[in-house]
Amino acid sequence: MGEWISVKDRLPNKQGHYLVYTEEDGVFSAEYDPKRKRASWTDDYEGYCDLDVTHWMPLPTPPKVNHDDD
C-alpha cells in the first residue's frame with residue numbers, strides 16, 4: 001500500500017474514492033470531488049458533508065477472486 005499524502009502537499013488529480021484520515025474519525029473511505037465550489041471530501045454514509053481530511057491515499061487494488069476455488 002502507498003504512503004499517506006498530506007492535503008497540504010497535494011490533492012488527488014481526479015474525482016473518486018480514496019482512503020482518508022481525519023483526527024475526529026480516523027481512517028475510512030470518502031469521495032473527493034474537485035468540481036464543487038471548493039475541493040471537498042464527502043462521507044459515503046453521511047452524504048455531502050465536508051470532512052476535515054488531513055491525509056489521503058489511493059484505495060488499494062481489490063483482490064483477484066478465483067471462482068474455481070468454490
Side-chain angles (χ1 to χ4, degrees):
M1 192 178 298
E3 296 291 321
W4 288 102
I5 302 164
S6 172
V7 297
K8 292 178 181 178
D9 293 337
R10 68 182 171 95
L11 293 169
N13 295 333
K14 61 183 178 178
Q15 181 174 351
H17 285 84
Y18 297 87
L19 283 181
V20 298
Y21 175 80
T22 69
E23 291 184 11
E24 301 84 23
D25 300 314
V27 176
F28 58 96
S29 171
E31 183 177 8
Y32 175 74
D33 185 357
K35 297 176 189 163
R36 295 189 65 204
K37 281 186 181 179
R38 63 182 180 84
S40 66
W41 299 90
T42 56
D43 184 332
D44 292 332
Y45 300 105
E46 298 293 327
Y48 280 98
C49 59
D50 288 332
L51 301 170
D52 191 16
V53 171
T54 62
H55 292 79
W56 65 276
M57 72 169 58
L59 290 173
T61 303
K64 294 183 181 181
V65 178
N66 185 348
H67 294 286
D68 295 336
D69 293 339
D70 292 342

Query raised in the report: So V53 and Y21, side chain to side chain contact (heavy atoms under 4.5 Å, CB included) or not? Walk me through it.
Result: CA-CA 6 Å; V53 171; Y21 175 80; over 6 Å; no

Query - Student check: side-chain heavy atoms of V7 and W56 closer than 4.5 Å - result: yes

Query raised in the report: Would you say the side chain of E3 lies within less than 4.5 Å of the side chain of M57, judging by non-hydrogen atoms?
Result: no

Query raised in the report: Could you go step by step and tell me if Y32 and L11 meet the side chain to side chain contact (heavy atoms under 4.5 Å, CB included) rule?
Result: CA-CA 9 Å; Y32 175 74; L11 293 169; 3.5 Å; yes

**Report entry** Side-chain touch E24/D52, heavy atoms, less than 4.5 angstrom
**Finding:** yes

Query raised in the report: Looking at side-chain heavy atoms only, is the closest gap between Y18 and P12 below 4.5 Å?
Result: yes

Requested in this report: Output, in order, the C-alpha distance, side-chain angles, deciding distance and verdict of side chain to side chain contact (heavy atoms under 4.5 Å, CB included) for I5 and R10.
Outcome: CA-CA 7 Å; I5 302 164; R10 68 182 171 95; 3.2 Å; yes

Query raised in the report: Rounded to the nearest 0.5 Å, what separation is found between the NE2 atom of H17 and the CG atom of L59?
Result: 8.0 Å

Query raised in the report: What do the steps show when you test V27 against W4 for side chain to side chain contact (heavy atoms under 4.5 Å, CB included), and what is the final call?
Result: CA-CA 11 Å; V27 176; W4 288 102; 4.0 Å; yes

Report task. Taking the side chain as every heavy atom from C-beta outward, state whether K14 and P34 have any atom pair closer than 4.5 Å. Result -> no

Query - Heavy-atom neighbours of D9 CG exceed 12 at 6.0 Å - result: yes

